[in-house]
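Have a look at the structure below, then the notes.
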Amino acid sequence: MPERPIKIAPSILAANFARLGEEVSSAEAAGADLIHIDVMDGRFVPNITMGPMVVTAVRRCVSIPLDVHLMIVEPERYLEQFAGSGADSITVHLEACAHLHRVLGQIAELGCRAGVALNPHTPMNALSEVLHLLDVINVMTVNPGFGGQRFIAGMSNKISQLRAAVDERDLNIDIEVDGGITSKTLPIAAAAGANVMIAGTCIFGHERGIVAGIQELREAQISMGVK
């Protein structure tokens, strides 16, 4: 497979919601490739965040793709709402879907890119029977539920195994890393084979602002010779 360009996906979980429209617009202007939206229900993960109305609001502010990550039980009940709110891709958790094959088909039928997220403890081979249905694989590099956590170093091996499996089948799948991405961990994830870097705190919480946060990640990318 050809080398994939690195994409930066700011996660609004770390944004200032009093200025959300301004912050996502700034991220787009600074060169973000997509906006990542974490939806949590307080059941699948121990936190409650946002729903379709937030997706609608963000859609009005940016033109880049919206990457919606459903950290919820029974995600199939809400797929149509999120697609209708402006999601370009919808990712569900393997651990939350009893009928994953069916759910991925429903996402595709709604016109969205279909994705699956794997918690740190879930082995990569759990995707073997649905790999051909995927546009996105989200490798959780922290235990999901809260922003600002540290990257679990052992996840780089899982990323490498997934990239090898995807390339062996000649599939067009983005591999995302989600959690603890900074200028120090981006090169680790990229070297392992990930091409979409989901980053929250190091962008929206950067001491010099959103533009500087994205620029720092781009500089880390360039320093290792990755496009």
Side-chain angles (χ1 to χ4, degrees), residues 7 9-25 27-28 32-119 122 126-127 130-140 142-147 173-176 178-179 196 198-200 203-204:
K7 299 177 184 178
S11 169
I12 66 169
L13 187 62
N16 180 347
F17 272 68
R19 303 168 52 198
L20 183 57
E22 179 184 336
E23 296 220 332
V24 295
S25 295
E28 179 178 29
D33 298 290
L34 55 156
I35 298 294
H36 187 77
I37 301 175
D38 288 308
V39 178
M40 305 181 190
D41 62 0
R43 296 175 63 197
F44 182 69
V45 293
N47 197 4
I48 298 174
T49 56
M50 59 207 87
M53 291 179 65
V54 173
V55 178
T56 299
V58 174
R59 178 74 288 161
R60 292 173 180 151
C61 298
V62 299
S63 59
I64 55 178
L66 302 185
D67 182 35
V68 175
H69 179 187
L70 301 183
M71 291 183 249
I72 64 176
V73 299
E74 300 180 307
E76 62 275 9
R77 296 177 56 192
Y78 305 99
L79 299 176
E80 189 170 349
Q81 292 180 52
F82 282 103
S85 297
D88 294 283
S89 62
I90 298 177
T91 294
V92 297
H93 269 262
L94 180 148
E95 303 87 359
C97 292
H99 305 286
L100 182 59
H101 189 283
R102 179 189 301 162
V103 171
L104 294 174
Q106 290 172 331
I107 295 172
E109 288 172 4
L110 289 167
C112 296
R113 302 179 77 227
V116 169
L118 298 177
N119 280 343
T122 304
L127 290 180
V130 296
L131 207 58
H132 62 291
L133 300 175
L134 297 177
D135 300 297
V136 177
I137 300 171
N138 179 320
V139 180
M140 294 301 303
V142 297
N143 287 294
F146 298 94
I173 299 176
D174 284 324
I175 296 182
E176 301 180 337
D178 191 351
V196 180
I198 298 168
I203 293 176
F204 291 112

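For the pairing with V58, the side chain to side chain contact (heavy atoms under 4.5 Å, CB included) check across V55, T56, V54 returns one residue only, V54. Exactly one of V116, L133, L79 qualifies for a side chain to side chain contact (heavy atoms under 4.5 Å, CB included) with I107. That residue is L79.
Rounded to the nearest 0.5 angstrom, E76 CD and R102 CZ are separated by 8.0 Å. Note that the CG atom of D41 and the CD1 atom of I72 stand 6.0 Å from one another [nearest 0.5 Å]. Residue F204 holds its CZ atom at 10.0 Å from CG of L13, rounded to the nearest 0.5 Å. C112 SG to Q106 CD: the interatomic distance, rounded to the nearest 0.5 Å, is 12.0 Å. The distance from atom CE of M71 to atom CE of M140, rounded to the nearest 0.5 Å, is 5.5 Å. With rounding to the nearest 0.5 angstrom, the CD1 atom of I137 is 10.5 Å from the CG atom of L94.
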Exercise for review: Take L127 and L134 through the test side-chain contact (heavy atoms from CB on, under 4.5 Å) and record every step on the way to the result.
Suggested key: CA-CA 9 Å; L127 290 180; L134 297 177; 4.2 Å; yes
Practice item. Give the intermediate values and the outcome of side-chain contact (heavy atoms from CB on, under 4.5 Å) for residues D67 and T91. Key: CA-CA 8 Å; D67 182 35; T91 294; 4.2 Å; yes
Exercise for review: Apply side-chain contact (heavy atoms from CB on, under 4.5 Å) to the pair D174 and D135, showing each step before the final yes or no.
Suggested key: CA-CA 6 Å; D174 284 324; D135 300 297; over 6 Å; no
Exercise for review: Check step by step if side-chain contact (heavy atoms from CB on, under 4.5 Å) holds for V196 and I175.
Suggested key: CA-CA 6 Å; V196 180; I175 296 182; over 6 Å; no
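Between H93 and F44, the ring-plane angle classifies as tilted under the 30° and 60° cut-offs.
In this structure, V92 and L100 have side chains that are in contact, with non-hydrogen atoms separated by less than 4.5 Å. Counting heavy atoms from C-beta on, the side chains of V136 and E176 come closer than 4.5 Å. The shortest distance between side-chain heavy atoms of V68 and V39 falls below 4.5 Å. Looking at H69 and N138, their side chains come closer than 4.5 Å, going by heavy atoms from C-beta outward. You'll find the side chain of V130 reaches within 4.5 Å of the side chain of L104, heavy atoms only. A heavy-atom distance below 4.5 Å is not found between the side chains of P65 and S89.
Looking only at atom types and distance, the side chain of S11 has a donor-acceptor partner in the side chain of D38 under 3.5 Å away.
Looking at every heavy atom in both residues, A87 comes nearest to I90 through CB-CG1, 3.9 Å. Residues L110 and A83 approach most closely at CB-CB, 3.9 Å, considering heavy atoms. Between I35 and A27, the closest heavy-atom pair is CD1-CB, 4.3 Å. Between A96 and V73 the shortest heavy-atom distance is CB-CA, 4.5 Å. Heavy-atom minimum distance, R19 versus E22: NH2-OE2, 2.6 Å. Between P10 and L34, the shortest heavy-atom contact is CD-O, 3.0 Å.
Although no hydrogens or angles enter the test, the distance criterion places a donor-acceptor pair under 3.5 Å between the side chain of S25 and the main chain of C61. Judged purely by atom type and a 3.5 angstrom limit, T49 uses its side chain to pair as donor or acceptor with the backbone of M40. Between the side chain of E23 and the main chain of F17, no donor-acceptor pair closer than 3.5 Å is present.
Ion pairing between a basic and an acidic side chain is recognised when a charged N comes within 4.0 Å of a carboxylate O; R59 and D88 show such pairing.
At most 12 heavy atoms of other shown residues, nucleotides or ligands fall within 6.0 angstrom of atom NE2 in H99.
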